[in-house]
Amino acid sequence: MTLDLAPCMGVIRAELRRSLMSRYEPKSIEQKWQAVWDEAGVFTARHDPARPKYYVLEMFPYPSGRIHMGHVRNYTMGDVVARYKAAQGFSVLHPMGWDAFGMPAENAAMERGGHPKDWTYGNIEVMRDQMKPLGLSIDWSREFATCDPEYYGKQQAMFIDMMAAGLVYRKAAVVNWDPVDMTVLANEQVIDGKGWRSNAPVERRELTQWFFKISDYSGELLDALDGLTNWPEKVRLMQANWIGQSRGLQFAFTTHNAPEGFDRLDVYTTRPDTLMGASFAAISPDHPLAKHLERHDPTVAAFLAECRKGGTTAEAMETAEKIGLDTGINVLHPFDNNWQLPVYIANFVLMDYGTGAIFGCPAHDQRDFEFATKYDLPIQPVFVAEGAIDAHLTEAYIPMKSERVQYIRGFAGHDVQTGEEAVAAAIEACEARGVGRGVTNYRLRDWGISRQRYWGCPIPVIHCDACGVVPEKKENLPVELPYDVTFDIPGNPLDRHPTWRNCSCPACGAPARRETDTMDTFMDSSWYYARFTAPDAITPTDMAEADYWMNVDQYIGGIEHAILHLLYSRFFARAMYVTGHLPQKAIEPFNALFTQGMVTHEIYQTRDDKGRPVYHLPEDVTTIAVADRKVVVLGDVPVPEEDEISDVNAWIQGLSDEGLLVEVIPSAKMSKSKKNVVDPMNIIEAFGADTARWFVMSDSPPERDVEWTAAGAEATFKHLSRVWALCSRIGDMPADHQGVGDDDLARATAKTVDEVTRAIESFAFNKAIAALYGFTNTLSKANASTAIMKHAIRTLAQLMQPMTPHMAESIWAYQGGEGLCARAAWPVADPALLIDETVTLPIQINGKRRAEISVPADMPASEVEKRALADEAVVKFLAGAPVKKIIVVPGRIINVVI
RNA sequence: GCCCGCGUGGUGAAAUGGUAGACACAUGAGACUUAAAAUCUCCCGGCCGUAUGGCCGUGCCGGUUCGAGUCCGGCCGCGGGCACCA
């Protein structure tokens, strides 16, 4: 392990201080306790039917090579929960593994040579070595990587079962095609519409790909969101929007002038009420009709080629200029055979949604409006604002669907009605007239899992000339990746492997070809939570173990996974149930979800002579104070004496001109390219794991981003040193010391237990820590009797244990705690000590705070009212004005209205 | 472009619709010290005032309410996701 020395001056100062302070030595105590825990096997998950279980899981990391502060925060959060639940008496499962397949390993092989497998396993070694010093309560005996053949072989077995269950199929789908490198690109490899290596404009090209029928579950995945009450509301909303249920009308236009076989054009609309405002029909460039025309008409072919430029992302599609081509084909309006609409091919119509064909109503859709304006198509309003008159539109009129509007070209329902009512009435009217039918559609598309890449789980099927596509026999699993591959040319090395592709057909035995596509890495992460319940089982899961441990009681990870990973996992759990790999209760695998924020850090930036930003490492900049200003500079700028500078601004301008003045950008996501990454290993080396753990849990609420500051880490270390000294002081107290304020300290202890417990339960770790700061201050000022003081410090150790487990064990042992602090039962507050006898109530007059009174907690409101009105300050403020109303909120506030 | 979220002192933040700024960081002042470091104490949103206190203040504009950081509507700014990054 390499160590970058001195990310800041603070580290050096801390080293110095530590050599003076012989007492708090995190390095030695942390190693000691980790060895003790290991030896005792305290974190080994035990299937114990006599005890309630608790399964806490953090999203497993990609083995990039080094842990970063985001990992420290994520895994500390899970560890706080795991340790807290263990103290509550639960049998806890807290496992760790590696999301180990994926592109970076292949990129590394291409850039630096070597093999993805060696690179990946090497990284795992390093990262495991970096995680272990954090003292996480992980059951390492269950560890696995998704690139282990033992893991992905089971994944292949399930793929075969799911194929048999009809959940898997093949179809053509578009990919980003790099015409120079002749390879498929991931979206992130397409930059401004160009290939990242070749810089050639990418095209959309169709390829036959493997799909999961997640769309069969659209309705169920949507409805089941209501049951996920311990998920963040925003995640449920994002998933609901992603699934995108809509109710609309599907009907067929009769075509005119169309090629043979295309006498009807099916369209889908969510606004059938605007049918009388239709001015054109449009089909997707991928529509069968468009493809048919392409083969016969060079103009259409050229237009479609234009449409296929650029990447496959929704963003690229939606921000591209909206273009269309009149096909010369017309369709007849379903209500008037004399009314013809032109059919366009339009690049904004998606083949995946609805029928791949629409009608455009420019008056009530902004995109259609722009299209109609561009191609000079009629714009006929269907409705106007209630009471308004039909007027020329300068933009589409799109009121809320719940708003009442006046229909002027409606054909169903009332003249004045809401959009919702009109849509329902229009569907009913159309069905009655035999024009189409009401259908429920979803935006959710089937899950494409084919990847034309090496470093992934091979899709276990074989292509036989006689039998077609045949699954591999289960006894031949795993279909293992060949090791002898090279990455010197773009493309999938499996495609050009001399022997791996050749095999015999499992059905007829004839020579056949192995599938060379590998699976999307989202597959790997869609069931790892289930595998952790029985990581050595010879089948993908063990029902008895899955039945005991599932579901995950608390899942923790980044908000960036709100949609894809979590939705795929929800689907996959259902697919596993259908194929007998999970019990039915596990079809929603995550009972509770918590999404944590990022760890951020300042960026230090100057600019080169062309004005482009140049980034600097924290250790390359210095903060200097000049007069009353603080400036950040590059390198060693001599600090001038006060009297040497007459004009501070001019001096700073001088620094700026020399390129030495550093601009500080706060709260940026840590990234290597911005040089603002803080290596946790430096922090652990300098201050210990407890400091790193405490700091990432303090200050910011866990769902929000947290800014890493060197000063904050140092301050945390100081605080822990204070606790250490306090423990030593209390330990030195004579056993018979009779102090003062015993009752106050006992109450403060009970209140802290209550506050910390409630804070941890509600994931407010920053508030738990604030309460612990407050209690430490109280305790360090207290002079109570020895027994009360000792009880207080032992309780403090227990409450700190989830955050700072090593220090907690040391204090616990020093103060005579029994056994390991990590195994001690969580403290319970005596309810009698939590009740205050008197309360202070603020008195507002017309909503502004003017006075306060102290009253017994149980005083009736009528009596409180009398006391408040009799208060000297209140009487003075009222000055005899009549009181209109008085509001007494018991235990809270009094508001006098005059 | 579409979906979702966030915005409070110099900084990170706290606040079941009920005293805005708990708890920390930084700065400043002081104690201890020959001195420094460490440690400890105090101040710390803005304006006015010696002070009791007063006025203003939670991105901006408006609304609901006895009472709004919190609820509603509209803006502005920042961040996450958008199906082949993980």
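Please read these numbers as outputs of a predicted model, since none were measured by experiment. The sequence lines fix the lettering, A, B, ..., with proteins before strands; numbering per chain opens at 1.
With B:rC55, B:rC66, B:rG80 as the choices, the nucleotide that has an atom nearest any side-chain atom of A:I559 turns out to be B:rG80. Of the candidates B:rC4, B:rA83, B:rC66, B:rC66 carries the atom nearest the A:K885 side chain, counting heavy atoms from C-beta on. Nearest to the side-chain atoms of A:E560 among the listed nucleotides B:rA86, B:rA83, B:rA24 stands B:rA86. Among the nucleotides B:rC23, B:rG18, B:rA83, the one closest to any side-chain atom of A:I887 is B:rG18. Nearest nucleotide to the side chain of A:E315, out of B:rA86, B:rC82, B:rC4: B:rC82. Considering only the side chain of A:D699, B:rA24 comes nearest among B:rA83, B:rG1, B:rA24. Distance from the side chain of A:R722 is smallest to B:rC25 among B:rC56, B:rC4, B:rC25. Checked against B:rA86, B:rA83, B:rC2, the side chain of A:E318 finds its nearest nucleotide in B:rC2. Comparing B:rC56, B:rG12, B:rU41 by their nearest atom to the side chain of A:S700 picks out B:rG12. When distances are taken from the side chain of A:K767 to each of B:rA86, B:rA15, B:rU41, the shortest belongs to B:rA15.
The base of B:rC85 has none of its N or O atoms less than 3.5 Å from a complementary donor or acceptor on the side chain of A:Q189.
Base pairing annotation: B:rU33 forms no Watson-Crick or G-U wobble pair, as no partner gives both donor-acceptor distances under 3.5 Å. Under the Watson-Crick and G-U wobble criteria, each requiring two contacts below 3.5 Å, nucleotide B:rC6 is paired to B:rG77. In this structure B:rC55 sits in a base pair with B:rG46, meeting the Watson-Crick or G-U test at under 3.5 Å. When both pairing distances are held under 3.5 Å, B:rA24 makes a Watson-Crick or G-U pair with B:rU11. In this structure, B:rC71 forms a base pair with B:rG63, meeting either the Watson-Crick or the G-U wobble geometry with both donor-acceptor distances under 3.5 Å. Pair assignment for B:rG1: B:rC82, on the basis of Watson-Crick or G-U wobble contacts that are both within less than 3.5 Å. Across every strand in view, B:rA38 sits unpaired, with no contact that passes the Watson-Crick or G-U test at under 3.5 angstrom.
In terms of phosphate contacts, A:R850 brings a side-chain nitrogen or oxygen within less than 4.0 Å of OP1 or OP2 of B:rG54. Note on A:R451: a side-chain N or O is less than 4.0 Å away from OP1 or OP2 of B:rC84. OP1 and OP2 of B:rC40 both lie 4.0 Å or more from every side-chain N or O belonging to A:K718. Contact annotation: A:N766 side-chain N/O to B:rG12 OP1/OP2 distance is not under 4.0 Å. Residue A:N187 places at least one side-chain N or O under 4.0 Å from the OP1 or OP2 atom of B:rA83. Contact annotation: A:N777 reaches the phosphate of B:rA24 (side-chain N/O to OP1 or OP2, under 4.0 Å). OP1 or OP2 of B:rA14 has at least one side-chain nitrogen or oxygen of A:R704 nearer than 4.0 Å.
In this structure, A:W242 reaches the bases: a heavy-atom distance under 4.0 Å links it to at least one base atom across the strands shown. Among the heavy atoms of the strands, none lies under 4.0 Å from A:A562. A:L772 comes within contact range of no nucleotide atom at all, as no heavy-atom separation falls under 4.0 Å. Using a 4.0 Å heavy-atom distance criterion, A:H719 is classed as making no nucleic acid contact. A:G712 comes within 4.0 angstrom of nothing in the nucleic acid, heavy atoms only. Looking at heavy-atom distances under 4.0 Å, A:V190 makes no contact with the nucleic acid at all. Residue A:S450 is classed as a base contact, given a heavy-atom separation below 4.0 Å to a base. The residue A:Q209 sits close to a base: some heavy atom pair falls under 4.0 Å. As judged by a 4.0 angstrom heavy-atom cut-off over every strand, A:G244 is placed among residues making no nucleic acid contact. In this structure, A:V897 reaches the sugar-phosphate backbone alone: every heavy-atom distance under 4.0 Å involves primed, P, OP1 or OP2 atoms, never a base. Contacts of A:T521 with the nucleic acid, taken as non-hydrogen atoms under 4.0 Å apart, involve only primed sugar atoms and P, OP1 or OP2. Nucleic acid contact for A:V175: base, since at least one base atom lies under 4.0 Å from a heavy atom of the residue.
A distance-only check finds a donor-acceptor pair linking the side chain of A:Q239 to the backbone of A:A562 [under 3.5 Å]. Under the 3.5 Å distance criterion, the side-chain polar atoms of A:R73 are matched with a main-chain donor or acceptor of A:G597. Within the 3.5 Å criterion, the main-chain N or O of A:G311 finds a donor-acceptor partner in the side chain of A:R204.
Note: CG (A:L237) to C1' (B:rC6) measures 15 Å, nearest angstrom. Spacing between atom CG of A:D524 and atom P of B:rC84 amounts to 14 Å, rounded to whole angstrom units. B:rC25 atom P lies 13 Å from atom CD1 of A:I769, rounded to whole Å. Atom pair A:K848:NZ and B:rU65:C1' shows a separation of 16 Å (rounding to whole Å applied). In this structure, A:M238 atom CE and B:rC6 atom P are separated by 12 Å, rounded to whole Å. Put simply, CZ on A:R892 is 9 Å from P on B:rG17, counting in whole angstrom units. The nearest whole Å value for the distance from the CG atom in A:L567 to the C1' atom in B:rC82 is 13 Å. Atom NZ of A:K751 and atom P of B:rA22 are 18 Å apart (whole Å).
Side-chain contact between A:W98 and A:Y528 is absent, with no heavy-atom pair separated by less than 4.5 Å. Residues A:Y568 and A:F212 have side chains not in contact (no heavy-atom distance under 4.5 Å, counting atoms from C-beta outward). Residues A:M182 and A:W177 have side chains in contact (heavy-atom distance under 4.5 Å, counting atoms from C-beta outward).
In this structure, B:rG45 is classed as anti because its glycosidic torsion departs from zero by more than 90°.
Closest non-hydrogen pair, A:T516 versus A:D495, comes out as OG1-OD1, 2.7 Å.
In terms of position along RNA chain B, the nucleotide closest to A:N241 lies nearer the 5' end than the nucleotide closest to the other residue of the pair A:I449 and A:N241. For the pair A:P701 and A:R849, both in contact range of RNA chain B, the more 5′-proximal nearest nucleotide belongs to A:P701.
The residues A:K213 and A:D446 are annotated as not salt-bridged, no charged nitrogen and carboxylate oxygen being separated by less than 4.0 angstrom.
The closest side-chain donor-acceptor pair between A:W527 and A:Y151 falls under 3.5 angstrom. A donor-acceptor pair shorter than 3.5 Å can be found between the side chains of A:Y353 and A:S246.
Straight-line distance between the P atoms of B:rC61 and B:rG9: roughly 15 Å, to the nearest whole Å.
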